[in-house]
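Heads up, the thing below is written out as structure tokens.
Residue numbers begin at 1 in each chain, while the letters A, B, ... track the order of the sequences. Since this is a predicted model, take the numbers as computed values, not measurements.
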Protein chains: 2
Amino acid sequence: MAAVKFSRQREAIKEFLYSRKDHPTAEVVYNNVVKEYPKISLGTVYRNLSFLVDKGEAITVPCSDGSVHFDCNLKPHYHFQCNECGKIADIEMDDADYEKKILDGARKHTDCGEITGHVTFFYGICDECKKKK
Amino acid sequence: MAAVKFSRQREAIKEFLYSRKDHPTAEVVYNNVVKEYPKISLGTVYRNLSFLVDKGEAITVPCSDGSVHFDCNLKPHYHFQCNECGKIADIEMDDADYEKKILDGARKHTDCGEITGHVTFFYGICDECKKKK
DNA sequence: AACAAAAACAATATTCATTATCAATATCTC
DNA sequence: GAGATATTGATAATGAATATTGTTTTTGTT
């Protein structure tokens with residue numbers, strides 16, 4: 001049961017997300033999709049973004065400032081956030097040993113249970129903000 | 001100006017925070033301090049926790065589930081969160097090269113600007129939750 | 001010790017992002 | 001195309017965090 005039906009709005013949301021390499025928030029997705037579907041509501045955007053996440057077609061990127069961004073890059077990767085403008089960029093670190101190194105390092109230093117994964121966030125200043133100074 | 005005055009409530013909040021090795025949320029702090037000061041308000045707890053953070057006597061631990069925890073462990077360290085119960089534990093990783101290794105690794109794979117720091121969160125299952133299964 | 005100014009308090013109101021509700025509409029199956 | 005049901009849009013509800021307001025405490029001064 002719970003058959004999934006097609007919806008233009010969902011398709012538009014998905015299309016927009018996949019057209020961008022940065023990682024928009026629900027708000028940003030709404031502000032763009034509303035141009036094509038002026039009557040779309042914010043709830044629909046949230047609902048469908050969650051839907052994509054549930055289906056495994058997107059992931060959420062929760063930032064330490066409390067904002068939640070959506071990311072259609074499904075390959076395991078890291079994120080960089082600019083302290084100035086808040087922009088997020090991907091860091092593709094395809095070194096196969098990297099994840100293992102980090103986890104093994106952590107496992108040595110704890111007895112709190114079983115470590116299965118980790119989330120790392122890098123911070124700094126992006127090129128654009130650097131130039132402004 | 002801006003002289004800091006003593007307050008029993010602030011002291012109680014601080015004392016509670018320092019008495020725990022896990023990392024309570026504002027809510028949890030409130031629920032415990034209210035036992036000693038039944039009339040204390042949630043606002044006071046938030047205000048004083050922020051105050052401690054501003055003074056550098058505590059740090060915030062923003063988790064990917066959106067919750068914000070408070071930590072009185074001032075030494076640089078990592079955190080582990082149990083996927084089952086949400087409990088947070090410290091991971092003391094005093095390997096001096098560790099931070100450098102991680103940052104250098106990331107710097108190799110990006111051109112997005114200057115990386116100045118990182119935040120890493122480990123996930124898994126804690127011993128207690130593991131035993132329950 | 002009493003006073004007044006400064007700071008902190010408790011309670012409440014407000015904000016903001018996200019989620020839930022529900023009648024109306026769009027999509028799918030036969 | 002008709003009936004069944006998933007999805008929408010609009011709005012209300014939620015919940016964490018912050019701001020506001022009027023009242024108490026605390027402190028320094030006389």
Worksheet item: Starting at the 5' end of DNA chain C, which residue's closest nucleotide do you reach first, A:Gly43 or A:Val4?
Response: A:Gly43
Worksheet item: Got more than 12 heavy atoms from elsewhere within 6.0 Å of CZ, B:Arg8?
Response: no
Worksheet item: Is the count of non-hydrogen atoms from other residues, nucleotides or ligands lying under 6.0 Å from A:Glu15 atom CD greater than 12?
Response: no
Worksheet item: Hey, does B:Ile40 reach any base, or is it just sugar-phosphate, or nothing, if we go heavy atoms under 4.0 Å?
Response: sugar-phosphate
Item to complete: To the nearest Å, give me how far apart CG (A:Asn48) and C1' (C:dT27) are.
Response: 14 Å
Response to the item:
Minimal heavy-atom distance between B:Tyr18 and B:Glu57, with the atoms involved, is OH-O, 2.6 Å
Discussion item. Tell me whether B:Asp104 is salt-bridged to B:Arg107, with the criterion being a basic N under 4.0 Å from an acidic carboxylate O.
Written reply: yes
Fill in: B:Gly66 vs A:Phe51, nearer the 5' end of DNA chain D by closest nucleotide
A:Phe51
Practice prompt. Take the C1' atoms of the five end pairs on each side of the helix from C:dA1-D:dT30 to C:dC30-D:dG1, get both axes, and report the angle to 10 degrees.
Written response: 30°
Discussion item. Just by distance, no angles: are the side chains of B:Tyr123 and B:Ser64 close enough, under 3.5 Å, to form a donor-acceptor pair?
Written reply: yes
Worksheet item: C:dC9, D:dA6, D:dT8: which one has an atom nearest the side-chain heavy atoms of B:Thr44?
Response: C:dC9
Item to complete: Could you work out which one of C:dA10, C:dT19, D:dG9 sits closest to the side chain of B:Ser41?
Response: C:dA10
Discussion item. Can you confirm whether or not the ring centre of B:His79 sits under 6.0 Å from the ring centre of B:His23?
Written reply: yes
Worksheet item: Heavy atom of residues 9-38 of chain B under 4.0 Å from DNA chain C: which residues?
Response: B:Gln9, B:Arg10
Discussion item. What does the B/S/- profile of nucleotides 20-30 of chain D look like, 5' to 3', with a 4.0 Å heavy-atom cutoff to protein?
Written reply: ------BS---
